[in-house]
Amino acid sequence: MKKVTAGRDSLGEFAPKFAQINDDVLFGEVWAREKELSPRDRSLVTVTALMAGGILDSSLQYHLQTAKENGITKDEIAEILTHAAFYVGWPKAWAAFWMAKEIWTD
């Protein structure tokens with residue numbers, strides 16, 4: 001997995017500790033535990049969790065793109081979002097589908 005610097009890039013000067021934890025712990029340690037859970041499966045869980053929590057902004061967009069890069073296909077993301085819609089809410093699914101449609105269009 002490539003080294004993530006998004007925290008430092010975005011918030012490094014304003015919130016250096018938060019940025020360090022984001023980059024080094026969340027992405028550097030948790031996401032790096034590929035033996036315990038594959039990046040593909042982590043993406044599936046993360047997209048679903050963000051959708052469930054109503055985090056329908058650039059965070060979801062980033063993780064949808066990451067899911068695609070981690071091998072989740074257009075058909076699989078459509079099935080994941082459809083399934084989750086019944087548990088987390090139809091409007092959240094619509095928002096997630098709009099983002100996913102843009103990412104898987106090519």
Review point. Sequence neighbours excluded, which residues qualify as side chain to side chain donor-acceptor pair (under 3.5 Å) partners of Asp75?
Key: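 Listed in chain order: nothing, the list is empty.
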
Review point. Residues two or more places apart in sequence or in another chain: which of them pass salt bridge (charged side-chain N to carboxylate O under 4.0 Å, His left out) with Glu79?
Key: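 Result, salt bridge (charged side-chain N to carboxylate O under 4.0 Å, His left out) vs Glu79: none returned.
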
Point to revise | Tyr87: side-chain contact (heavy atoms from CB on, under 4.5 Å) partners, not counting sequence neighbours | key: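 Scan of Tyr87 (side-chain contact (heavy atoms from CB on, under 4.5 Å), adjacent residues dropped) gives His83.
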
Exercise for review: For Lys74, check side-chain contact (heavy atoms from CB on, under 4.5 Å) against everything at least two apart and list the hits.
Suggested key: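 Partners of Lys74 by the side-chain contact (heavy atoms from CB on, under 4.5 Å) criterion, ordered by chain and then number, come out as Trp104.
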
**Study point:** With Glu36 via side-chain contact (heavy atoms from CB on, under 4.5 Å) - residues at least two apart
**Key:**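 In terms of side-chain contact (heavy atoms from CB on, under 4.5 Å), with neighbours along the sequence ignored, Glu36 is linked to Arg33, Arg42.
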
Exercise for review: Say whether, by atom type as modelled, one donor and one acceptor occur between the side chain of Lys68 and the main chain of Ile103 under 3.5 angstrom.
Suggested key: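 Checked: pair present.
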
Review point. Partners of Ser10 by side chain to side chain donor-acceptor pair (under 3.5 Å), sequence neighbours excluded?
Key: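 Ser10 satisfies side chain to side chain donor-acceptor pair (under 3.5 Å) with no residue once adjacent residues are dropped.
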
**Study point:** Any donor-acceptor N or O pair under 3.5 Å, side chains Gln65, Glu69
**Key:**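 Indeed, the side chains of Gln65 and Glu69 share at least one donor-acceptor pair under 3.5 Å.
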
**Study point:** Lys35: side chain to side chain donor-acceptor pair (under 3.5 Å) partners, not counting sequence neighbours
**Key:**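 Residues passing side chain to side chain donor-acceptor pair (under 3.5 Å) with Lys35: none at all.
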
Practice item. Any chance you could pull the hydrophobic cluster mates of Ile21, using side-chain heavy atoms under 4.5 angstrom and chaining through other members? Key: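 Taking Ile, Leu, Val, Met, Phe, Trp and Tyr as members, Ile21 shares its hydrophobic cluster with Val25.
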
Check your understanding: Does Phe14 have any ring pair (Phe, Tyr, Trp, His ring centres under 6.0 Å) partners at least two apart in sequence or in another chain, and if so, which?
Key ->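 Not a single residue meets the ring pair (Phe, Tyr, Trp, His ring centres under 6.0 Å) criterion with Phe14.
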
**Study point:** pair Ile55-Leu60: side-chain heavy atoms closer than 4.5 Å
**Key:**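 No; the side chains remain at least 4.5 Å from each other.
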
Exercise for review: Can you sort out the partners of Asp24 under salt bridge (charged side-chain N to carboxylate O under 4.0 Å, His left out), two or more places apart, ordered by chain and number?
Suggested key: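 For Asp24 the salt bridge (charged side-chain N to carboxylate O under 4.0 Å, His left out) partners, ignoring immediate neighbours, are Lys3, Arg8.
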
Practice item. List in chain and number order the residues that pass side chain to side chain donor-acceptor pair (under 3.5 Å) with Asn70, two or more places apart in sequence or in another chain; answer none if no residue qualifies. Key: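 Asn70 satisfies side chain to side chain donor-acceptor pair (under 3.5 Å) with Ser43 only.
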
**Study point:** Remaining members of the apolar cluster that contains Val45, side-chain heavy atoms under 4.5 Å
**Key:**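 Members alongside Val45: none; it stands by itself.
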
Practice item. Answer yes or no: is there an ion pair linking Glu76 with Arg40, defined by an N-O contact shorter than 4.0 Å? Key: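 Salt bridge between Glu76 and Arg40, a charged N being under 4.0 Å from a carboxylate O: yes.
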
